[in-house]
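Side chains included, hydrogens not; waters and symmetry mates left out as well; all remaining heavy atoms used. Remember, it's a predicted structure, so these values are computed and weren't measured experimentally.
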Amino acid sequence: MALDARLRLPLAGLTPATPSFSGSSPKPGNLSFALRPASASLSSSNAPASPPIVVVGSANADIYVEVDRLPLVGETVAARAGRSLAGGKGANQAACGGRLATGPTYLVARVGNDANGRLLEGALADAGGVRLDRVARAPDAPSGHAVVMLMPDGQNSIIIVGGANMKGWAAGVGSEDLDLIRQAGVLLLQREIPDWVNVQVAQAAKGAGVPVILDAGGMDAPVPGELLTLVDIFSPNETELARLTGMPTETFEQISQAAGACHKMGVKEVLVKLGSQGSALFIEGEEPIRQPIIPAKEVVDTTGAGDTFTSAFAVALVEGKPKKECMRFAAAAASLCVRVKGAIPSMPDRKSVMDLLESVQVE
């Protein structure tokens, strides 16, 4: 079914819930923001407004430490620099969608009623283009956070503390959130929130004919079969693909076989992020679509590059672009992302992506 052919209810009918920040109620309160306009490059775009993108997922305060190498067991090493930035796979993908999409991007998430929660709220508001009225403060859990150890070559190792991302959903997913999801052009999920939440929102999307994209990044555990059967596009990197299938992914042939195993689990399309080797989309019964990387002049930080790729792919998909073009658009966005430190600060705007694609075409 064409993405723009479904009947959609007016979004104006989705009224934000009354905020509740006291901590006396076990039910999270939704936030209300004076939303900043999208960037000028988006507002001036000639592209028609696309259906909403809805991201349900995590929001973390990322503690960045720049190190020359990772410490050995029992060893202490000094960091060259450190700072706190907003991140989390859900927040990253929403920020990217907010900057790239011609229509609205919503984030459904849980943060704590603490300083890190306020850091996340401010950073996402500053990112531009993200609707945050479905972000709720969980009264009984701190905001999620992560320690990102960044090496000189831009590669990183990350440790995640779930906080409100994992413990803030006790009241369940609200009916207003589910109504929003049913009106979306695409639903983006990851695995830094409980699987049962992903299942609930994916069921709502599936029942309304909304495509579901699941990024495999997050918890190191098997993906529930119930969730996989609700997913239209499953997007792991080669390491996640190997872990989740128990199969090697060192060659393209091995990656193809592992993707085939995902098909047998019920997923029709597997979008594999291959780092420096680009990406590949495996559609059951068809030849793989391969997309090489668009090289960056300098790789500064790879944090958030995978989220940028997945979100940019979703943006192009909602706009009705062919899958090959979706992958090219996503490759350009990821190329721009790795040139800047931090996850959300590195998300490119639409004009930058289109300019890069045009320059690559000229070459």
Side-chain angles (χ1 to χ4, degrees), residues 57 69-70 72-73 89 92-93 146 148-151 153-160 188-192 195 198 202 212-296 299 301-314 323-324 326-328 330-331 334-335 337-338:
R69 61 176 178 82
L70 296 178
L72 302 174
V73 175
K89 296 187 72 64
N92 291 346
Q93 291 178 9
V148 181
M149 291 166 283
L150 181 64
M151 266 68 79
D153 63 357
Q155 299 300 313
N156 60 62
S157 294
I158 304 174
I159 301 172
I160 295 175
L188 275 171
L189 304 175
Q190 325 80 40
R191 300 197 69 216
E192 291 181 348
D195 281 326
N198 279 333
V212 178
I213 299 178
L214 173 63
D215 189 305
M219 66 182 73
D220 183 7
V223 182
E226 182 183 9
L227 178 56
L228 283 177
T229 60
L230 297 168
V231 170
D232 295 282
I233 301 176
F234 182 52
S235 184
N237 60 33
E238 71 269 40
T239 303
E240 293 160 347
L241 182 63
R243 185 178 73 238
L244 294 168
T245 61
M247 301 171 68
T249 57
E250 296 179 2
T251 67
F252 189 78
E253 182 177 353
Q254 291 174 338
I255 291 167
S256 299
Q257 292 172 348
C262 293
H263 292 153
K264 293 177 181 178
M265 297 176 192
V267 182
K268 300 296 184 184
E269 300 185 31
V270 184
L271 178 61
V272 186
K273 300 176 282 272
L274 300 172
S276 62
Q277 301 303 308
S279 60
L281 176 62
F282 299 89
I283 302 175
E284 190 172 20
E286 300 181 17
E287 288 295 313
I289 302 172
R290 301 187 69 170
Q291 170 64 48
I293 65 165
I294 296 176
V299 177
D301 183 5
T302 59
T303 307
D307 295 325
T308 299
F309 182 93
T310 305
S311 183
F313 181 93
K323 297 289 175 61
K324 177 62 178 175
C326 292
M327 295 175 70
R328 191 166 177 270
S335 175
C337 171
V338 300

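The distance from the CD atom of Gln190 to the CD atom of Gln93 is 4.5 Å, given to the nearest 0.5 Å. Atom CG of Asp220 sits about 4.0 Å away from atom CZ of Arg243, to the nearest 0.5 Å. Atoms CD and NZ, from Glu286 and Lys268 in turn, are 11.5 Å apart once rounded to the nearest 0.5 Å.
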task: Could you walk me through whether Asn92 and Ser311 pass the side chain to side chain contact (heavy atoms under 4.5 Å, CB included) test, one step at a time?
output: CA-CA 9 Å; Asn92 291 346; Ser311 183; over 6 Å; no

field: Derivation and outcome, side chain to side chain contact (heavy atoms under 4.5 Å, CB included), residues Leu244 and Cys262
entry: CA-CA 9 Å; Leu244 294 168; Cys262 293; over 6 Å; no

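Just one residue in the list Leu188, Leu227, Leu189, Leu230 forms a side-chain contact (heavy atoms from CB on, under 4.5 Å) with Val212, and that residue is Leu189.
The closest side-chain heavy-atom distance from Asp195 to Met219 is below 4.5 Å. The closest side-chain heavy-atom distance from Val223 to Leu214 is below 4.5 Å. At least one side-chain heavy atom of Phe252 sits under 4.5 Å from a side-chain heavy atom of Pro288. Residues Asp215 and Lys273 meet the side-chain proximity criterion, which asks for heavy atoms closer than 4.5 Å. At least one side-chain heavy atom of Gln291 sits less than 4.5 Å from a side-chain heavy atom of Arg328. Looking at heavy atoms from C-beta onward, Met151 lies in side-chain contact with Ser157 at the 4.5 angstrom threshold. Using a 4.5 Å heavy-atom threshold, the side chains of Met327 and Leu271 count as touching.
Considering all non-hydrogen atoms of both residues, Val270 and Pro236 come closest at CG1-CD, 4.0 Å. The two residues Arg191 and Pro224 have their closest heavy-atom pair at NH2-CD, 4.0 Å. Between Ser235 and Glu240, the shortest heavy-atom contact is O-OE1, 4.5 Å. Contact detail for Val231 and Ile233: the closest heavy-atom pair is CG1-O, 3.1 Å. Residues Ile289 and Lys323 come closest through the heavy atom pair CD1-CB, 4.0 Å.
Proximity of a side-chain donor or acceptor of Thr229 to a complementary backbone N or O of Gly266 within less than 3.5 Å is not detected. Judged by distance alone, the side chain of Ser335 and the main-chain N or O of Ala331 form no donor-acceptor pair under 3.5 Å.
Applying the side chain to side chain contact (heavy atoms under 4.5 Å, CB included) rule to Thr308 yields the partners Cys96, Ala333, Cys337, Met347, Pro348; only residues at least two apart in sequence or on another chain are considered.
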Do any side-chain atoms of residues 275-283 form donor-acceptor pairs under 3.5 angstrom with protein atoms, and if so which ones, sequence neighbours left out?
none

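No more than 12 heavy atoms of other residues, nucleotides or ligands sit less than 6.0 Å from atom CZ of Arg290.
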